[in-house]
Amino acid sequence: MTRTPILILSSIKRISYFDRFKETKVYIEEVASAAYGCYIWPSALVMADFIWFNKERFSNRIVLEVGAGTSLPSLVLLQSPSPPRIIVSDTPSILPVSEACLALNGIKPNPERVWLKPLEWSQCNTENNIDSLISEIESNWNGNIDYIIGSDTFYDPSEFENLLVLVSFIIHKHNPHCTFYTTYQERSSKRSIQYLLDKWKLKCRLIPRNAFQFDEQRYTQDDDISSQIKTNAGILTSVFLLEIYGG
């Protein structure tokens with residue numbers, strides 16, 4: 001019996017970021033899959049623009065990206081003039097997507113600067129939990145997680161508290177100066193994380209788009225060639241950027 005080969009559809013997209021007269025190109029491979037970590041979501045576009053605009057803030061720091069998927073924000077940071085040390089994390093099943101996107105941009109995980117790590121927010125007493133990762137960072141890099149970044153991390157309501165427990169653990173047990181930057185797309189006005197922020201002693205503020213000169217036209221206008229990724233303007237207006245820190 002002859003088996004029918006499975007055709008995996010994928011596409012490679014480019015986004016360009018500009019600094020004075022220099023163009024930095026980032027390439028992302030999207031794979032046709034039921035897993036939402038295989039796509040570039042509008043929230044990642046907003047987060048990546050914020051990261052690029054504030055890249056000096058992250059220079060020579062330690063950054064953890066949670067729920068990385070295609071890892072656009074990490075790729076932007078890794079191609080900045082003074083890149084930080086970065087841990088790209090996601091569930092074990094999605095990490096191959098992250099690794100493929102790193103490779104597409106000529107980046108290989110290495111002990112000195114770029115780690116690719118499985119991290120499951122709700123797991124305790126396993127090798128994939130945040131406590132184990134922190135111990136590894138302190139042992140090998142002799143430092144602390146300075147920033148956590150994540151795109152559309154508040155997608156699944158069942159994971160909201162797991163994520164904030166992880167963030168709270170890092171801030172209250174590891175580095176009180178750590179800050180979590182995350183973008184989220186508002187899908188329902190009934191969803192709120194305020195009670196969870198209060199529960200886990202965290203505070204939050206909204207960062208307006210004009211604070212990092214976000215230009216949505218490059219993602220919505222077909223004649224703007226700075227980005228091959230296009231989306232609906234209405235969707236982008238529903239994406240917000242949050243700064244979460246210790247209360």
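Throughout, numbering of the chain's residues begins at 1 and tracks the sequence.
- K55 places a side-chain N or O within 3.5 Å of a backbone atom of W52 that can act as its donor or acceptor partner.
- Between the side chain of S71 and the main chain of G69, a donor-acceptor pair closer than 3.5 Å is present.
- Interatomic distance, CD1 of I51 versus CG of L75, reported as 11.5 Å (0.5 Å rounding).
- More than 12 heavy atoms of other shown residues, nucleotides or ligands fall within 6.0 angstrom of atom NZ in K230.
- The backbone N or O of H177 lies less than 3.5 Å from a partner atom in the side chain of N175, making a donor-acceptor pair.
- Atom-to-atom distance recorded for Q185:CD and S238:OG is 4.0 Å, nearest 0.5 angstrom.
- By the 4.5 Å heavy-atom criterion applied to side chains, L236 and F214 are counted as neighbours.
- Grouping Ile, Leu, Val, Met, Phe, Trp and Tyr residues whose side-chain heavy atoms lie under 4.5 Å apart, directly or via other members, places L104 in a hydrophobic cluster with I12, Y27.
- Summarising the local packing, CG of L206 is surrounded by more than 12 heavy atoms from other residues, nucleotides or ligands at distances under 6.0 Å.
- Under the ring pair (Phe, Tyr, Trp, His ring centres under 6.0 Å) criterion, no residue pair touches residues 75-99, with sequence neighbours excluded.
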Residue pair L45, D49: steps toward the side chain to side chain contact (heavy atoms under 4.5 Å, CB included) verdict: CA-CA 6 Å; L45 301 176; D49 275 28; 5.8 Å; no
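- A search for side-chain contact (heavy atoms from CB on, under 4.5 Å) contacts involving F18 returns S16, E23, S226, not counting sequence neighbours.
- Summarising the geometry, atom CZ belonging to R218 is positioned 9.5 Å from atom CD1 belonging to I229; distances are rounded to the nearest 0.5 Å.
- Listed by chain and number, the residues in a side-chain contact (heavy atoms from CB on, under 4.5 Å) with S89 are L64, V66, L119 (sequence neighbours excluded).
- Under the side-chain contact (heavy atoms from CB on, under 4.5 Å) criterion, Q194 pairs with S192, L197, D198, not counting sequence neighbours.
- With a 4.5 Å cut-off on side-chain heavy atoms, L163 and T182 do not count as touching.
- Here the straight-line distance linking atom CD1 of I87 with atom CD1 of I149 works out to 10.0 Å at 0.5 Å rounding.
- Nearest approach of D90 to I94, heavy atoms of both residues: OD2-CG2, 3.4 Å.
- With contacts defined as side-chain heavy-atom distances shorter than 4.5 Å, the pair Y219/D224 does not qualify.
- Applying the side-chain hydrogen bond (donor to acceptor under 3.5 Å, both in side chains) rule to pairs touching residues 101-117 yields Q79-N105, K117-E136, sequence neighbours excluded.
- Cation-pi geometry between R191 and Y155 is not met at under 6.0 angstrom from the ring centre and within 45 degrees of the axis.
- Residues satisfying the ring-ring contact (aromatic ring centres under 6.0 Å, His included) test with Y245, not counting sequence neighbours, are none.
- Nearest heavy atoms, P118 versus L116: CD-O, 4.3 Å.
- Contact record, I137 with G143: CG2-O, 3.6 Å, taken as the closest heavy-atom pair.
- The one candidate from F160, W41, F240 that meets the ring-ring contact (aromatic ring centres under 6.0 Å, His included) condition with F154 is F160.
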Begin from the C-alpha positions of L164 and I244 and carry the test side chain to side chain contact (heavy atoms under 4.5 Å, CB included) through to its verdict. CA-CA 9 Å; L164 289 176; I244 298 176; 4.3 Å; yes
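- For F50, the ring-ring contact (aromatic ring centres under 6.0 Å, His included) test picks out Y181, F212, with sequence neighbours left out.
- D152 has its side chain within reach of R187: a pair of non-hydrogen atoms, C-beta onward, lies under 4.5 Å apart.
- Side-chain contact between H174 and N144 is present, with at least one heavy-atom pair separated by less than 4.5 Å.
- Residues T183 and A44 come closest through the heavy atom pair OG1-N, 4.4 Å.
- Under the 4.5 Å side-chain heavy-atom criterion for grouping Ile, Leu, Val, Met, Phe, Trp and Tyr, I28 is not connected to I235 through any hydrophobic cluster.
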Let me see the working for N128 and T91 under side chain to side chain contact (heavy atoms under 4.5 Å, CB included), right down to the final yes or no. CA-CA 9 Å; N128 294 341; T91 60; over 6 Å; no
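- In this structure, the side chain of Q228 engages the main chain of R14 through a donor-acceptor pair within 3.5 Å.
- Within the structure, salt bridge (charged side-chain N to carboxylate O under 4.0 Å, His left out) contacts touching residues 233-247 (residues at least two apart or in different chains) are R205-E243.
- In this structure a side-chain-to-backbone donor-acceptor pair under 3.5 Å is present from S80 to L77.
- Hydrophobic clustering, with ILVMFWY side chains joined whenever heavy atoms are under 4.5 angstrom apart, groups V239 together with I207.
- If you take SG on C204 and CG on L196, they are separated by 12.0 Å, rounding to the nearest 0.5 Å.
- Looking at heavy atoms from C-beta onward, T24 lies out of side-chain contact with D19 at the 4.5 angstrom threshold.
- Residues satisfying the side-chain contact (heavy atoms from CB on, under 4.5 Å) criterion with I171, sequence neighbours excluded, are V167, C178, L202.
- Rounding to the nearest 0.5 angstrom, the gap separating the CD1 atom in I170 from the CG atom in D131 is 10.5 Å.
- With sequence neighbours excluded, no residue forms a side chain to side chain donor-acceptor pair (under 3.5 Å) with K13.
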Under the side chain to side chain contact (heavy atoms under 4.5 Å, CB included) criterion, do E216 and T237 qualify, and how do the steps go? CA-CA 9 Å; E216 70 174 34; T237 58; 3.9 Å; yes
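- For the ring pair (Phe, Tyr, Trp, His ring centres under 6.0 Å) condition, the pairs that include at least one residue of residues 57-102, sequence neighbours left out, are F58-Y147.
- Of the candidates W200, W121, Y195, E161 forms a side-chain hydrogen bond (donor to acceptor under 3.5 Å, both in side chains) with just one, namely W200.
- Between I193 and Y184, every side-chain heavy-atom pair lies at or beyond the 4.5 Å cut-off.
- For the residue pair S151 and P73, the shortest heavy atom distance occurs at OG-CG, 3.6 Å.
- Under the 4.5 Å side-chain criterion, counting only non-hydrogen atoms from C-beta, I15 is in contact with S227.
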